[in-house]
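The basis for the numbers below is simple: all heavy atoms, side chains too, and nothing from hydrogens, waters or symmetry mates. Everything numeric in this text was worked out from a predicted model, so none of it was measured.
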Amino acid sequence: MKQLMLGNEAIARGAYEAGVRVASAYPGTPSTEINENVANYEEIYSEWAPNEKVAVEVALGAAVGGARSMACMKHVGLNVAADPFYTATYTGVNAGMVVIVADDPGMHSSQNEQDTRMHAKASHAPCLDPSDSQECKDFMRVALELSEEYDTPVLLRVTTRIAHARTVVELGERTPVELRKYEKNNKKYVSMPANMIGRHLYVEDRENRLAEAANTLAINRIEWADKKVGVITSGAAYNYVKEAMPNASVLKLGLVYPLPRKLITEFAEAVETLYVIEDMEPFFEETIKSWGIECSGKDKTGVQGELFSRKIATKFNGEPEAGPMNTQGIPVRPPVLCPGCPHRGLYYVLGKLKLTVCSDIGCYTLGALPPLGAVDTCVCMGASIGMAHGMEKGIGKEQAHKTVAVLGDSTFCHSGMTGLLNMRYNNSIGTVIIADNSITGMTGHQHNPATGFDIHGNPAPQLNLEKLCEAMGIEHVRVVDPYDIKELEKVLREETARDEMSVIISRRPCALIVKQPGIPFKCDKEKCKNCGMCMKIGCPAIRKTEFGVEIDPTQCVGCGLCSNICPFDALSAEK
């Protein structure tokens, strides 16, 4: 049977067909749908882990125990998981283990354009790079088999266009894979220096054997055409090359680390001009040039942004660039917080108080954009607390009274707890705000340890944020409703003025999962002075006209935030 599938759906299907038993992940675009789809297969135990490090550790434990396993994350998640992953390539596995990592060329939903192939080389892990959904499914089986044959975890790297594009997939049946017997082996699995010195020698030998095998692997193939031009490529770029350069001979790499030196050399010798066309870093190109093979590619495409067919046709075929779109008169529409979002009231007050806000990764990062403009920094998961603490210790007590850290409930579970503990341990007087909207919002409403539900929506033990903070020795923990502007401002003023550490939990469920009890608001044109105060909260349901403010009843959820800040009492719920 054939079916149109997202690349992420196909990876989940491949895991099912290849006999995976355990899957652990932390949601992160563009990887989120993988584990969401894995959860539909009853034969696979799946879970949301608090962070990617834990996900890899869970997968490693299952693999060492004898069960095929997988962990999923976006590219920056591999940074978090690097600690166990880099050592896991030394210890090896028992049953197959695959770590799926989704890169994001063009930074559609990410803070950088990190290239996972670099991690593959640094960690000595084989890495596969599928070009469509069929390969996403098929490569899962290949990766698991390579993992078992070469005793190593394997990386399966996709990019946004592969993860989120639908192509036809030929479905198969699940292949029963028996559990492998676990046998105690301290020298292999206990990563003490004396043991790992020997394992490093094994890793080096394994890498050499893999590089030799790569020359004949079916997933590395040559597609001969006109030999005047040859292109080495992989992943999404392969599709663009085939469209833009249909007459060129192509060496398509499915295993992108280690590289098949013999195959590449033979291909290079057979073509007149050799191009290397790859997303992101010149990973292939630099290695091939180091072998003394003349080639080019990044001098034409650069390393920034993603590739696409027109760009390749222009840079390599000399075709004219696509004409610019006529954008005259089209307003810029940056992303905004949803109508009724509980973070809107929080950031409005933070901006009003002119506090320095160290933010984190999540929906609330949008508080950096106009008209709220309340965010000063955003680096990575959990960094908000560490940076606020660093500002205090570097600048002094006065700065601590002007600075707050803001992060969500999911991010707090991911990597905020240790930062908070560090603040308390080192006698900070700063204020941390946990924006608890009871869900992992930005990636599409996945549960986390603070929501009380697991990946299947079944009840699960719920982390009590207040008690956790108190257990860390934080005496001042306050819960406030961000819709209550006056109370929120009062609490913020009080807590930031303290010479002791405090935590504010701004608690209100995401407006998209819990419909607000109110009804849409309207503007009384006779009372409205068109002062623009209501526009400062950046609600997409509100727009200003020359005749006064108008509220779109199809968007308004009746949260009442606008009426709370209107100085003329012009905004009220419709009767």
Take atom [atom1] in [X]; do more than 12 heavy atoms of anything else shown fall under 6.0 Å from it?
X    : atom1 : value
K121 : NZ    : no
E42  : CD    : no
K289 : NZ    : yes
E204 : CD    : no

Atom [atom1] of [X] and atom [atom2] of [Y]: how far apart are they, to the nearest 0.5 Å?
X    : Y    : atom1 : atom2 : value
I162 : I11  : CD1   : CD1   : 9.5 Å
I513 : H445 : CD1   : NE2   : 5.5 Å
T32  : M442 : OG1   : CE    : 11.5 Å
Y189 : Y182 : OH    : OH    : 7.0 Å

Does a side chain donor of either [X] or [Y] reach within less than 3.5 Å of an acceptor in the other side chain?
X    : Y    : value
S123 : H119 : no
N79  : Q114 : yes
Y257 : E207 : yes
N208 : E212 : no
D104 : T160 : yes
Y26  : S31  : no
Q446 : T440 : no
H414 : N448 : no
K74  : S110 : yes
S24  : Y45  : no

Any donor and acceptor pair, going by atom type alone, linking the side chain of [X] with main-chain N or O of [Y] inside 3.5 Å?
X    : Y    : value
R206 : H124 : yes
T411 : L407 : no
N215 : L263 : yes

Original post:
Looking at L259 and W291, what are the two nearest heavy atoms and their distance?
Top reply: CB-CH2, 4.0 Å
**OP:** For residues A165 and S133, report the shortest heavy-atom separation together with the two atoms involved.
**Re:** O-OG, 3.4 Å
Run the salt-bridge test on [X] and [Y] with the 4.0 Å N-O cut-off and return the result as yes or no.
X    : Y    : result
E17  : R13  : yes
R68  : E148 : yes
R174 : E43  : no
R507 : E466 : yes
E278 : R157 : no
E223 : K252 : no

State, with a plain yes or no, whether a side-chain heavy atom of [X] is found less than 4.5 Å away from one of [Y].
X    : Y    : answer
L463 : T451 : no
V168 : D132 : no
I439 : P509 : no

**OP:** Evaluate the salt bridge (charged side-chain N to carboxylate O under 4.0 Å, His left out) criterion for residues D103 and R117: first the C-alpha distance (whole Å), next the side-chain angles of each, then the deciding distance (0.1 Å), finally the verdict.
**Re:** CA-CA 10 Å; D103 287 358; R117 296 175 301 171; over 6 Å; no
**OP:** Quick one: do F453 and W48 satisfy ring pair (Phe, Tyr, Trp, His ring centres under 6.0 Å)? Show the steps, please.
**Re:** CA-CA 10 Å; F453 298 92; W48 289 127; over 10 Å; no
**OP:** Start with the C-alpha gap between E135 and R221, add the side-chain angles, then the distance that decides, and say whether salt bridge (charged side-chain N to carboxylate O under 4.0 Å, His left out) holds.
**Re:** CA-CA 13 Å; E135 287 190 349; R221 67 174 187 265; 3.8 Å; yes
Subject >> Worked check of side-chain hydrogen bond (donor to acceptor under 3.5 Å, both in side chains) between S384 and D360 >> reply: CA-CA 5 Å; S384 57; D360 233 296; 2.5 Å; yes
**OP:** Please step through ring pair (Phe, Tyr, Trp, His ring centres under 6.0 Å) for the pair Y16 and Y41, ending with a clear verdict.
**Re:** CA-CA 7 Å; Y16 164 76; Y41 297 106; 4.5 Å; yes
Subject >> Residue that, paired with D151, satisfies salt bridge (Lys or Arg N to Asp or Glu O under 4.0 Å) out of R180, R209, R199 >> reply: R199
